[in-house]
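Atoms within a ligand are numbered from 1 in the order they appear, just like the ligands themselves.
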Amino acid sequence: TPIPELGVETPQPEELRVELNPISGERPLTAITYRIFQERDLIRTFSIEPHKLLSYLFALEDSYQQVPYHNKLHGADVCQSMHVLLNSSGIKDVFNEFEILAAIFAAVVHDVHHSGLTNPFLIKTKNDLAILYNNESVLENHHVAVAFKLLQADERNIFSNLSAEQMETLRKRVVDMVLATDMAKHKTLLADFQNLLEAKKMSGNDYLTLESYDDRILVLKNLIHCADLSNMTKPLDTYSKWIDRLMVEFWKQGDAERDLGLDISPMCVRSPTTKDKHQIGFINSFVHPLWETWGSLVYPDANTILETLAQNREWHEASLAALTSSTTD
Ligand SMILES: COc1ccc(-c2ccn(CCC(=O)N3CCOCC3)n2)cc1OC1CCCC1
Ligand SMILES: [Mg+2]
Ligand SMILES: [Zn+2]
């Protein structure tokens with residue numbers, strides 16, 4: 001049975017079309033995710049009932065908070081970036097449709113109900129979430145718990161036609177991937193990833209023969225982490241809009257820290273050079289090493305990404321030089 005164009009039979013196609021229309025900007029997360037599910041034929045492969053997918057995505061989108069950066073646009077952005085990265089010719093044929101379903105789902109849910117505050121802030125203010133999750137990946141545990149809580153309503157359970165065993169593995173993959181987006185996990189995640197690629201290179205067989213669950217999920221964890229850190233690899237006009245959103249979110253946290261008499265986190269200090277200096281430092285310390293490693297796996301697919309990353313870093317260095325020279329004059 002052909003799936004209707006908008007995914008569901010509806011007596012009011014025009015109203016639904018407006019609602020789903022990404023141009024109207026009302027529901028970018030739903031529009032992008034629904035489109036990706038269609039394009040990857042996930043709706044048919046997993047017998048997902050279209051009206052349940054729409055209900056789930058509407059509820060998910062509405063559960064993203066209206067904060068400057070970690071809002072539904074970021075969820076949509078990471079989902080779209082994940083979709084593109086999964087198409088890298090280097091890994092296109094590596095992952096099966098279950099892993100792809102888990103990866104796309106993990107990407108779109110990965111920051112749901114984000115409060116616009118960082119884990120250290122929630123921990124030092126003894127927020128209920130920090131108590132609940134014992135200071136361990138507090139936000140990330142919350143995001144993935146909310147994502148699965150939304151699935152409990154029958155009209156939103158998009159996985160109702162998966163077997164119990166399939167659901168169990170999907171759940172494990174999604175939890176593993178969302179928890180891996182905690183920056184505190186970055187160093188271990190990247191080191192394990194580099195060791196895996198090194199071992200594969202030593203053994204001579206091509207990278208793409210990933211047998212164990214642990215090897216496969218390790219690559220998927222780095223993949224969602226790359227998607228989450230993909231702002232710096234985007235064209236400058238897009239990238240600079242993300243920076244502005246994140247800085248507003250950080251500055252609001254800085255204001256809260258000051259009001260509470262707490263030390264202001266370094267990234268939350270309002271100052272003209274903070275933006276460039278932190279971006280350069282962050283790209284050098286975290287983003288470039290991660291994308292370079294990813295680039296070695298999918299070589300040469302990441303070359304454009306690495307070039308854009310280098311150009312964006314140079315742009316920050318130039319604006320920092322201009323700033324400091326003008327202030328020293
Ligand atoms: C557009 O700029 C950024 C975009 C994304 C990130 C970023 C870092 C880690 N993640 C993954 C989620 C996480 O762990 N976070 C969320 C951001 O705050 C830190 C804890 N995302 C960092 C960015 O810039 C750096 C932070 C201020 C200047 C340099
Ligand atoms: Mg996050
Ligand atoms: Zn994120």
Side-chain angles (χ1 to χ4, degrees), residues 29 60 63-65 67-82 106-123 129 133 136-147 174-175 177-190 221-254 257 264-291 308-309 312-313 315-316 319-320:
L29 181 146
L60 180 75
S63 301
Y64 268 87
Q65 301 291 290
V67 291
Y69 179 91
H70 287 103
N71 54 47
K72 62 186 188 177
L73 268 179
H74 173 65
D77 174 51
V78 172
C79 184
Q80 193 265 341
S81 301
M82 169 66 84
V108 72
V109 309
H110 88 282
D111 269 335
V112 66
H113 209 249
H114 197 298
S115 52
L117 301 164
T118 61
N119 281 332
F121 181 90
L122 296 176
I123 290 166
L129 286 178
Y133 294 115
E136 174 58 37
S137 296
V138 176
L139 280 164
E140 294 73 22
N141 270 298
H142 181 57
H143 304 317
V144 70
V146 169
V174 172
V175 170
M177 278 186 258
V178 174
L179 293 186
T181 60
D182 178 358
M183 203 57 207
K185 307 277 175 55
H186 169 82
K187 287 224 181 312
T188 315
L189 195 59
L190 183 55
K221 285 179 185 178
N222 277 277
L223 182 50
I224 192 171
H225 189 39
C226 281
D228 202 20
L229 292 188
S230 62
N231 292 163
M232 305 80 174
T233 69
K234 301 287 172 67
L236 187 59
D237 56 335
T238 306
Y239 169 35
S240 58
K241 289 188 182 81
W242 288 121
I243 298 177
D244 293 343
R245 285 171 176 269
L246 188 60
M247 296 324 291
V248 170
E249 197 170 290
F250 278 162
W251 291 337
K252 283 168 83 164
Q253 175 172 311
E257 288 167 334
I264 301 189
S265 315
M267 296 185 289
C268 302
V269 176
R270 274 187 178 77
S271 102
T273 57
T274 306
K275 201 166 85 166
D276 294 311
K277 216 182 304 177
H278 279 129
Q279 287 295 326
I280 293 165
F282 195 74
I283 290 173
N284 289 336
S285 315
F286 301 108
V287 183
H288 190 262
L290 174 65
W291 280 103
T308 311
L309 182 58
N312 287 338
R313 179 173 43 189
W315 180 79
H316 281 298
S319 29
L320 192 59

Give a yes or no answer on whether the side chain of N231 reaches the backbone of I243 with a donor-acceptor pair at less than 3.5 Å. no
Side chains of H114 and N71: do they bring a donor and an acceptor to under 3.5 Å? no
Tell me which N, O or S atom of D228 sits nearest to the Zn ion (ligand 3). OD1
To the nearest 0.1 Å, how far is atom 12 (C) of ligand 1 from its closest protein heavy atom, and which atom is that? D228 OD2, 3.6 Å
For atom 2 (O) of ligand 1, what's the nearest protein heavy-atom neighbour? Residue, atom name and distance, please. Q279 NE2, 3.0 Å
Give a yes or no on this: more than 12 heavy atoms of other residues, nucleotides or ligands lie within 6.0 Å of atom NZ of K185. yes
Is the distance between the ring centroids of F250 and H278 under 6.0 Å? no
What do we get for H278 next to ligand 1 when only non-hydrogen atoms under 4.0 Å count, side chain, backbone, both or neither? both
N/O/S atom of H114 under 2.8 Å from the Zn ion (ligand 3), yes or no? no
Protein contact of atom 4 (C) of ligand 1 - nearest heavy atom, named by residue and atom, plus distance: N231 OD1, 3.4 Å
Quick one: look up the protein heavy atom nearest atom 27 (C) of ligand 1 and list residue, atom name and how far away it is. F250 CE1, 3.4 Å
Residue, atom name and distance, where the atom is the protein heavy atom closest to atom 20 (C) of ligand 1: M183 CB, 4.5 Å
Distance only, no hydrogens: is a donor on one side chain within 3.5 Å (strictly under) of an acceptor on the other, for E257 and Q253? yes
Just one of H142, H70, H143 clears the side-chain hydrogen bond (donor to acceptor under 3.5 Å, both in side chains) bar with H113, so which one? H142
At a 4.0 Å cut-off, with the gap strictly under it, does some heavy atom of H225 reach an atom of ligand 1? no
What residue and atom, counting heavy atoms only, is the protein's closest point to atom 10 (N) of ligand 1, and at what distance? L229 CD2, 3.5 Å
Among N, O or S atoms, D111 approaches the Zn ion (ligand 3) most closely through OD2
Under 3.5 Å, side chain of H110 to main-chain N/O of V178, donor-acceptor pair present? no
Could you check which N/O/S atom of D111 is closest to the Mg ion (ligand 2)? OD1
Should K275 be listed as contacting ligand 1, given a heavy-atom distance under 4.0 Å as the test? no
Let me check your reading of the structure: within less than 2.8 Å of the Zn ion (ligand 3), is there an N/O/S atom from H70? no
Checking a contact table here: which protein heavy atom is nearest atom 22 (C) of ligand 1, and how many Å away? F282 CE2, 3.6 Å
Nearest 0.5 Å please: distance from the CZ atom of R313 over to the CG atom of N284. 4.5 Å
Are Y69 and ligand 1 in contact, using a heavy-atom cut-off of under 4.0 Å? yes
Euclidean distance, Y239 OH relative to M232 CE, rounded to 0.5 Å: 5.5 Å
For atom 23 (C) of ligand 1, what is the nearest protein heavy atom, given as residue, atom name and distance? L246 CD2, 3.4 Å
For D77 and L73, indicate whether the former's side chain and the latter's backbone hold a donor-acceptor pair under 3.5 Å. no
